[in-house]
Visitor: 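The structure's right below; bear with me while I get my questions together.
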Amino acid sequence: MRLVLLGAPGAGKGTQAKRIASKYNIAHISTGDLLRDEVKKNTQLGIRANEYMEQGTLVPDELIIEMIKRILENDSSKTGFLMDGFPRTLNQAEKFDKMLKGLGLSIDKVINLHVDEEKLVKRLAARRVCQSCNKIFSLANYDGSPEICPYCGGKLYKRKDDQEDVIKQRLKVYEKQTKPLIDYYKKNGLLDDVDGDGSEDKVMERILSVI
Ligand code: AMP
């Protein structure tokens, strides 16, 4: 199965993507996670990408396309994948279609997670990520320590791009560059809208009902 998960920053893509990929035993491909990994390792790609990521703007298409090309050539994505945070521009979507066509593959479904902007801002400001197990969760509905992961005991951190000024920029970028993808995938009949508001379990239930 080959899926694409669309949605604004904070819509819950990362959280749901992990669950869907694990349920269907397909590769979870998060371009944001891959880029953060490159930044951590201080690679050439990481150094270039970080300039954009810190400002809340998009990393240039050619760098992202190159990264996706390498992944699609890798065996682990052959049995299926869930794209999380890719494509993010019309150009990326068109290049992705061409790449898949060249491999004799196609997308089965695009899920668009929808959440109101006011809620997105609140969610992003309260979001924390575990440095060790990468679990994402919200301090908004959590009574434990805001610094220690309750799952593995790792250290929790707030992403640099979850600061208020960067959040605003990311939402603007989403509106202008990524939202047009909704129509792009609607036109080719692949898109299902899913309400991303509510508990993780509830949203997962809705996603499963459209897959
Ligand atoms: P995310 O974790 O998906 O919110 O991505 C974090 C940041 O990584 C974004 O704000 C962008 O700077 C960059 N990024 C992730 N995916 C893409 C993509 N497909 N195209 C361009 N930039 C991306």
Side-chain angles (χ1 to χ4, degrees), residues 2-18 20-21 27-41 43-72 77 81-100 107 110-115 117 119-131 134-138 157-182 184-185 196:
R2 284 173 288 275
L3 304 169
V4 170
L5 192 54
L6 287 184
K13 296 189 299 297
T15 304
Q16 297 298 335
K18 284 192 180 86
I20 302 164
H28 170 205
I29 299 167
S30 155
T31 41
D33 283 350
L34 291 168
L35 290 169
R36 278 184 288 278
D37 207 41
E38 297 284 337
V39 173
K40 222 193 251 172
K41 290 189 201 142
T43 62
Q44 259 190 328
L45 169 60
I47 293 165
R48 273 197 76 186
N50 199 32
E51 288 172 34
Y52 301 91
M53 294 167 80
E54 282 198 331
Q55 288 172 29
T57 55
L58 294 183
V59 173
D61 285 349
E62 64 272 16
L63 296 181
I64 302 289
I65 294 293
E66 199 46 50
M67 198 166 78
I68 294 291
K69 216 182 247 170
R70 265 185 273 127
I71 291 166
L72 289 182
S77 62
F81 56 70
L82 170 61
M83 290 294 171
D84 159 13
F86 173 86
R88 217 111 152 186
T89 63
L90 279 174
N91 180 38
Q92 288 181 16
E94 284 162 5
K95 296 252 163 67
F96 186 38
D97 280 348
K98 267 195 201 142
M99 238 187 275
L100 289 174
I107 298 168
V110 177
I111 296 153
N112 178 44
L113 268 187
H114 177 81
V115 175
E117 183 163 334
K119 284 194 182 126
L120 292 173
V121 176
K122 278 192 190 147
R123 278 192 187 184
L124 289 168
R127 176 161 73 179
R128 295 294 182 275
V129 185
C130 174
Q131 230 167 30
N134 264 335
K135 173 96 184 150
I136 306 162
F137 61 104
S138 169
Y157 72 98
K158 183 175 168 92
R159 276 171 47 173
K160 268 193 190 160
D161 57 356
D162 281 345
Q163 309 296 336
E164 206 178 315
D165 50 336
V166 189
I167 290 174
K168 281 192 188 137
Q169 173 64 17
R170 289 165 67 207
L171 291 174
K172 263 194 218 155
V173 165
Y174 166 77
E175 281 292 321
K176 195 163 173 224
Q177 294 180 268
T178 309
K179 214 172 175 185
L181 291 180
I182 296 176
Y184 177 83
Y185 286 119

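When a ligand or atom number is given, it counts from 1 through the structure's own listing order.
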Visitor: Thinking salt bridges, do K168 and E164 make one under a 4.0 Å N-O criterion?
Guide: yes
Visitor: Holding to salt bridge (charged side-chain N to carboxylate O under 4.0 Å, His left out), I want the full list of residues that pass it with R127, two or more places apart in sequence or in another chain.
Guide: D162
Visitor: From F86 CZ over to L35 CG, what is the distance, rounded to the nearest 0.5 angstrom?
Guide: 11.5 Å
Visitor: Distance-only, no hydrogens or angles: does the K95 side chain make a donor-acceptor pair with backbone N or O of D61 under 3.5 Å?
Guide: no
Visitor: For the residue pair T89 / Q177, report whether a side-chain donor-acceptor contact shorter than 3.5 Å exists.
Guide: no
Visitor: Enter the distance from L113:CG to Q16:CD here, rounded to the nearest 0.5 Å.
Guide: 6.5 Å
Visitor: Residues around ligand 1, heavy atom under 4.0 Å from any ligand atom, sorted by chain and number. Can you pull those?
Guide: T31, G32, L35, R36, M53, T57, L58, V59, I64, G85, F86, R88, Q92, R159, D161, R170
